[in-house]
Amino acid sequence: MKKSIVWLASYPKSGNTWMRIFLANYLSNAKTPVPINQVHKFGIGDSIAKMYHMVARREIDVHDVQLTLNLRPKVMRGIVANNADLNFVKTHNIRTVVRGTELIPANVTRQAIYIIRNPLDVILSYARHYGQTPAESVTALAHPDNVNAAEPSTVMQFLGTWSDHVKSWEKGTAFPTLVVRYEDMLEKPTETFGNVLKTIGLDPDPEKLDRAIRFSSFEEVSNQEEVDGFKERSPNSDRFFSKGTAGQWKSELDPELVAQVRRDHKRVMKKYGYYSV
């Protein structure tokens, strides 16, 4: 069994979709932007219910958490069964063991790209996506049992706290992990996305790199969503691609909530330069 999975991992609303759109455009080398509703063809999600139905050879109850956990190793083996060198897999799962099941198994993993974003900005995007108030989202990101509940199209995703999620991916992994800051994707895209390509074993072509960055820009994907919609948009929000900036918390997040987030996640925020900005 080949270790071919390259995890594209993040806490929800941290830039995972942007990274996937960039990779889709770079790898396809198309002269026009890859439609955002076709990005899933370049990498699968680890919580897609259809895969669990397939390995079970029947339609399962996605709300049966123990069953989906029991099936997860077969789903992982199914992903690598194509014998490809690279299989990009999106995940929002924390890297841990749940009820005896290793959510991110090293035996099928080649490496990981972990996208991290200032939790103060995550709060605002998370609240819009899940139909919560910012205060509710602050509580969710600090709750050790935070999950994305199962839906007809997805099985449960285990998140934990924002800090624990980051620490689970950055330390003690049995495979190489590159941590990428969302803010660096914005401020220095050529260097940041180029480093991602190098990490997965590609020699960045300057022309292709520049084109893929342009084709995955907020303006481009926002325009596409305006025309064609986006399958990953939450029913709780009007848009998936809302602002695509950094630092909006400074004008939009209540100072008391800012202080709470800093108390909840002080150590990790300091490490990644988010505490004092």
Side-chain angles (χ1 to χ4, degrees), residues 7-17 45-47 49 62-69 72 90-104 112 114-173 177 179 181-182 232-237 240 242 246 248-249 252-275 277:
W7 296 101
L8 302 177
S10 72
Y11 211 82
K13 310 312 296 178
S14 298
N16 199 309
T17 300
D46 67 337
S47 300
V62 295
H63 296 94
D64 187 335
V65 176
Q66 189 60 59
L67 175 58
T68 60
L69 286 170
R72 187 172 176 87
K90 167 196 172 181
T91 186
H92 288 317
N93 279 298
I94 189 171
R95 192 181 71 87
T96 192
V97 175
V98 177
R99 300 186 188 179
T101 297
E102 188 178 11
L103 297 181
I104 311 296
Y114 185 81
I115 305 103
I116 183 174
R117 185 184 187 186
N118 189 333
L120 294 168
D121 279 332
V122 170
I123 292 295
L124 294 171
S125 186
Y126 191 99
R128 284 191 295 268
H129 186 78
Y130 291 104
Q132 298 179 349
T133 65
E136 290 171 333
S137 293
V138 168
T139 299
L141 266 67
H143 200 297
D145 295 325
N146 192 27
V147 300
N148 277 345
E151 299 177 351
S153 61
T154 58
V155 301
M156 180 176 285
Q157 300 167 72
F158 300 86
L159 308 178
T161 74
W162 179 85
S163 290
D164 286 345
H165 198 282
V166 175
K167 290 186 288 186
S168 79
W169 280 95
E170 69 174 0
K171 293 182 178 179
T173 60
T177 301
V179 178
R181 295 196 337 150
Y182 177 93
E232 297 184 28
R233 179 185 66 82
S234 165
N236 299 307
S237 59
F240 184 94
S242 178
Q248 59 263 39
W249 63 269
E252 297 183 23
L253 196 58
D254 187 289
E256 291 186 6
L257 295 180
V258 172
Q260 183 63 54
V261 173
R262 285 176 168 160
R263 287 193 295 270
D264 292 339
H265 307 290
K266 180 177 180 179
R267 183 175 299 180
V268 178
M269 288 182 73
K270 279 190 170 184
K271 179 173 182 178
Y272 289 98
Y274 295 140
Y275 190 76
V277 294

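- Proximity of R117 to R181: side-chain heavy atoms (C-beta onward) are nowhere separated by under 4.5 Å.
- Taking CD1 from I123 and CZ from R128, the interatomic distance works out to 11.5 Å, rounded to the nearest 0.5 Å.
- Counting all heavy atoms, side chain and backbone alike, A150 lies closest to M156 at CB-N, 3.8 Å.
- Considering only heavy atoms from C-beta on, P12 comes within 4.5 Å of L159 through its side chain.
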Passes side-chain contact (heavy atoms from CB on, under 4.5 Å), T91 versus W169? Steps please.
CA-CA 11 Å; T91 186; W169 280 95; 3.8 Å; yes

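- Annotation for S14 and I115: closest pair O-CG2, 3.2 Å, computed over non-hydrogen atoms.
- Summarising the geometry, atom CG belonging to L257 is positioned 9.5 Å from atom CG belonging to L120; distances are rounded to the nearest 0.5 Å.
- At distances below 3.5 Å, at least one donor-acceptor pair connects side-chain atoms of T139 with backbone N or O atoms of A135.
- Residues Y11 and N146 bring a donor and an acceptor atom of their side chains to less than 3.5 Å of each other.
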Given L141 and D264, is the side-chain contact (heavy atoms from CB on, under 4.5 Å) satisfied, shown in steps?
CA-CA 9 Å; L141 266 67; D264 292 339; over 6 Å; no

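- The distance from atom CG of N16 to atom OG of S10, rounded to the nearest 0.5 Å, is 3.5 Å.
- Smallest separation of non-hydrogen atoms from I104 and I94: CG1-O, 4.2 Å.
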Under the side-chain contact (heavy atoms from CB on, under 4.5 Å) criterion, do K271 and V166 qualify, and how do the steps go?
CA-CA 11 Å; K271 179 173 182 178; V166 175; over 6 Å; no

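- The aromatic rings of H165 and Y114 sit tilted, their planes meeting at an angle between 30° and 60°.
- You'll find the side chain of S137 reaches within 4.5 Å of the side chain of Y126, heavy atoms only.
- Between the side chains of Y130 and N148, at least one donor N or O lies within less than 3.5 Å of an accepting N or O.
- Separating the CZ atom in R95 from the CD atom in E102 is a distance of 7.5 Å, to the nearest 0.5 Å.
- Looking at every heavy atom in both residues, A49 comes nearest to V62 through CB-CG1, 3.7 Å.
- Taking CD of Q248 as the start and CD of E252 as the end, the distance is 6.0 Å to the nearest 0.5 Å.
- Proximity of W249 to V258: side-chain heavy atoms (C-beta onward) are separated by under 4.5 Å at one or more points.
- The heavy-atom pair separating I116 from Y274 by the smallest distance is O-OH, 3.5 Å.
- Between D46 and the choices K90, H92, R72, the side-chain contact (heavy atoms from CB on, under 4.5 Å) rule is met once, by R72.
- How far OG1 of T68 is from NE2 of H63: 10.5 Å, rounded to the nearest 0.5 Å.
- Using a 4.5 Å cut-off on side-chain heavy atoms (C-beta onward), P119 and M269 make contact.
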Could you walk me through whether W162 and V268 pass side-chain contact (heavy atoms from CB on, under 4.5 Å), step by step?
CA-CA 9 Å; W162 179 85; V268 178; 3.5 Å; yes

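- Relative to the ring axis of Y275, K270 places its NZ or CZ within 45° and under 6.0 Å from the centre.
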Please assess N118 against Y272 for the test side-chain hydrogen bond (donor to acceptor under 3.5 Å, both in side chains), listing each intermediate value before the final yes or no.
CA-CA 8 Å; N118 189 333; Y272 289 98; over 6 Å; no

